[in-house]
Amino acid sequence: MTLNLPDVQDVAEARRVLGPVAIRTPVLTSEALDRATGGRIFLKCETLQHTGAFKFRGAYNCLSRLDSATYPDGVVAYSTGNHGLAVSRVGQMLDIAVRIVMPRDAPAVKIARARAFGAEVILYDRHSQTREAIAARISARARVAVVPPGDNPHIIAGQATVVTEALEDIGAKRVEAVWVPCGGGGLAAGSCLAVQAAGSSAAVWGVEPEGFDDTRRSLASGRRETNLALNGSICDALLAPTPAELPFAINGPHLAGAVSVSDAQVLAAIRFAFEELRLVVEPGGAVALARALARPEDFRDRTSLIVLSGGNIDKALFEAAMRTDPDGEGAISQPIFL
């Protein structure tokens with residue numbers, strides 16, 4: 001089967017579409033982080049994007065092209081949270097009816113915000129139901145377009161603009177490695193396209209939650225592997241059961257590799273981001289930063305771009321991160337303040 005893969009021209013078109021609506025989020029540096037890693041680190045702050053995550057980019061690039069005559073009943077999307085939030089907000093902006101299929105154990109803040117944007121939220125049990133089947137049943141009854149979080153070329157091209165912007169701001173030739181959170185793989189795939197489009201030789205690395213390393217195992221085997229568990233990590237945004245098909249077709253030959261971090265390391269990174277950068281980062285959005293703090297040797301003596309992909313964290317979990325021991329696993333030995 002021939003897959004409809006996006007290319008660098010699709011990324012350029014996504015830049016044009018998103019230019020008037022997406023926030024060009026800042027790239028920050030931290031002397032504390034540079035000292036902790038022995039490298040030069042740039043942080044792309046998608047925590048400050050519309051709906052608090054990079055997913056807005058792909059959602060808008062996709063929904064803005066919707067043929068309302070073909071899909072008069074709008075769209076149905078499935079998501080652990082941030083994709084659903086983004087589709088809900090874009091639907092509100094473009095007057096498109098939105099249904100979102102979300103797991104019952106998704107963070108309450110994400111469920112509430114999707115509803116606040118006007119979406120109909122359909123909750124399901126991860127252990128006894130599949131989101132794809134629910135979306136398929138809805139699309140069989142109504143004239144809706146199914147908008148998955150990764151398996152759509154316009155979604156991937158939209159996500160690519162995160163790294164495209166950052167490379168423009170930093171200088172594409174300066175960046176030696178790009179580190180991005182990895183669940184279904186759409187952001188990683190978009191990042192690979194962005195690096196190609198910029199003429200950069202930077203290696204793109206995906207970072208996954210410990211125990212949910214389906215991308216790492218898939219890269220090793222050459223086929224899409226499945227996680228044994230459906231939940232069990234605080235990184236709710238990254239708990240895809242398997243790499244999405246289109247992203248893996250790009251990531252397979254182009255991703256430098258995938259590594260993982262523990263929940264404890266992620267909590268330490270959330271605390272670091274708040275104390276050093278005054279940024280609120282959700283667990284799934286903090287995994288690449290967690291890798292830098294936990295394994296500084298990966299970043300030593302090189303210039304790296306880290307994507308902080310989202311900031312939608314429940315209050316209780318954020319408070320728990322603030323209570324973590326700064327001397328614990330994954331944290332630098334002493335808090336360093338700018």
Side-chain angles (χ1 to χ4, degrees), residues 22-50 52-54 57 159-182 187-188 190-192 194-195 197-207 256 259 261 265-311 313 318 321-322 324 326 330-338:
I23 297 170
R24 189 179 182 109
T25 54
V27 175
L28 302 182
T29 59
S30 163
E31 292 180 7
L33 186 57
D34 288 352
R35 288 195 297 269
T37 61
R40 180 61 166 161
I41 310 294
F42 293 89
L43 301 160
K44 178 66 167 171
C45 302
E46 284 295 289
T47 55
L48 303 177
Q49 188 55 257
H50 295 300
F54 77 100
R57 296 172 182 268
Q159 318 305 31
T161 63
V162 173
V163 170
T164 299
E165 288 179 1
L167 291 178
E168 288 178 351
D169 290 343
I170 301 165
K173 302 300 183 183
R174 295 179 63 191
V175 178
E176 297 168 86
V178 178
W179 298 79
V180 299
C182 189
L187 178 58
S191 299
C192 290
V195 166
S200 169
S201 59
V204 180
W205 290 84
V207 186
V259 296
V261 290
Q265 291 164 349
V266 170
L267 288 171
I270 293 170
R271 177 170 175 171
F272 180 94
F274 181 73
E275 292 184 339
E276 299 295 342
L277 304 167
R278 290 299 182 257
L279 290 175
V280 175
V281 187
E282 67 183 276
V287 292
L289 175 60
R291 182 70 183 188
L293 294 170
R295 298 289 182 268
E297 61 271 20
D298 292 347
F299 297 78
R300 188 168 296 133
D301 298 325
R302 65 196 311 194
T303 299
S304 300
L305 168 65
I306 287 175
V307 176
L308 303 176
S309 62
I313 183 172
F318 181 76
M322 294 304 101
T324 57
I332 55 178
S333 58
Q334 293 289 329
I336 305 173
F337 296 92
L338 297 181

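Index from 1, following the sequence. These numbers come from a predicted model, not from an experiment.
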> For the atom pair CD1 (Ile170) and CG (Leu305), what is the distance rounded to the nearest 0.5 Å?
Replying inline: 4.5 Å
> Shortest non-hydrogen contact from Ala177 to Val175?
Replying inline: O-CG1, 3.4 Å
>> Checking side-chain contact (heavy atoms from CB on, under 4.5 Å) between Leu308 and each of Val180, Leu279, Val280, which is the one that passes?
In response: Leu279
>> Could you measure the distance from the CZ atom of Phe272 to the CG atom of Leu289? Nearest 0.5 Å is fine.
In response: 6.5 Å
>> Among residues at least two apart in sequence or on other chains, which ones pass salt bridge (charged side-chain N to carboxylate O under 4.0 Å, His left out) with Glu165?
In response: Lys44, Arg57
>> Quick one: does any side-chain atom of Glu176 pair with a main-chain N or O of Thr303 as donor and acceptor, under 3.5 Å?
In response: yes
>> Tell me whether the rings of Trp205 and Trp179 are parallel (<30°), tilted (30 to 60°) or perpendicular (>60°).
In response: parallel
>> So, taking the atom named CZ in Arg24 and the one named OG1 in Thr161, what distance separates them when rounded to the nearest 0.5 Å?
In response: 9.5 Å
> What's the shortest heavy-atom distance between Pro181 and Gly285, and which atoms?
Replying inline: CG-O, 4.2 Å
> Shortest non-hydrogen contact from Cys182 to Gly206?
Replying inline: CB-CA, 4.0 Å
> For the residue pair Val307 and Val162, what are the closest heavy atoms and their distance?
Replying inline: CG1-CG1, 4.0 Å
> Considering all heavy atoms of both residues, which atom of Ala256 and which atom of Ala203 are nearest to each other, and what is their separation?
Replying inline: CB-CB, 3.8 Å
>> If you define the side chain from C-beta out and look only at heavy atoms, does anything of Ile313 sit under 4.5 Å from Val281?
In response: no
>> On the six-membered ring of Phe299, is Arg295 placed so that its NZ or CZ lies under 6.0 angstrom from the centre and within 45° of the ring axis?
In response: no
> Is the backbone N or O of Ile41 less than 3.5 Å from a side-chain atom of Asp34, with the two atoms forming a donor-acceptor pair by type?
Replying inline: yes
> Measuring from Leu28:CG to Leu48:CG, what's the distance to the nearest 0.5 Å?
Replying inline: 8.0 Å
>> If I compare all heavy atoms of Gly311 with all of Thr47, which pair ends up nearest, and what's the gap?
In response: N-CG2, 3.8 Å
>> Check whether Gln49 reaches the backbone of Ile23 with its side chain - one donor and one acceptor, N or O, closer than 3.5 Å.
In response: yes
> To the nearest 0.5 Å, how far apart are CE in Met322 and CD1 in Ile270?
Replying inline: 7.0 Å
> Does any non-hydrogen side-chain atom of Arg40 lie less than 4.5 Å from one of Thr29?
Replying inline: yes
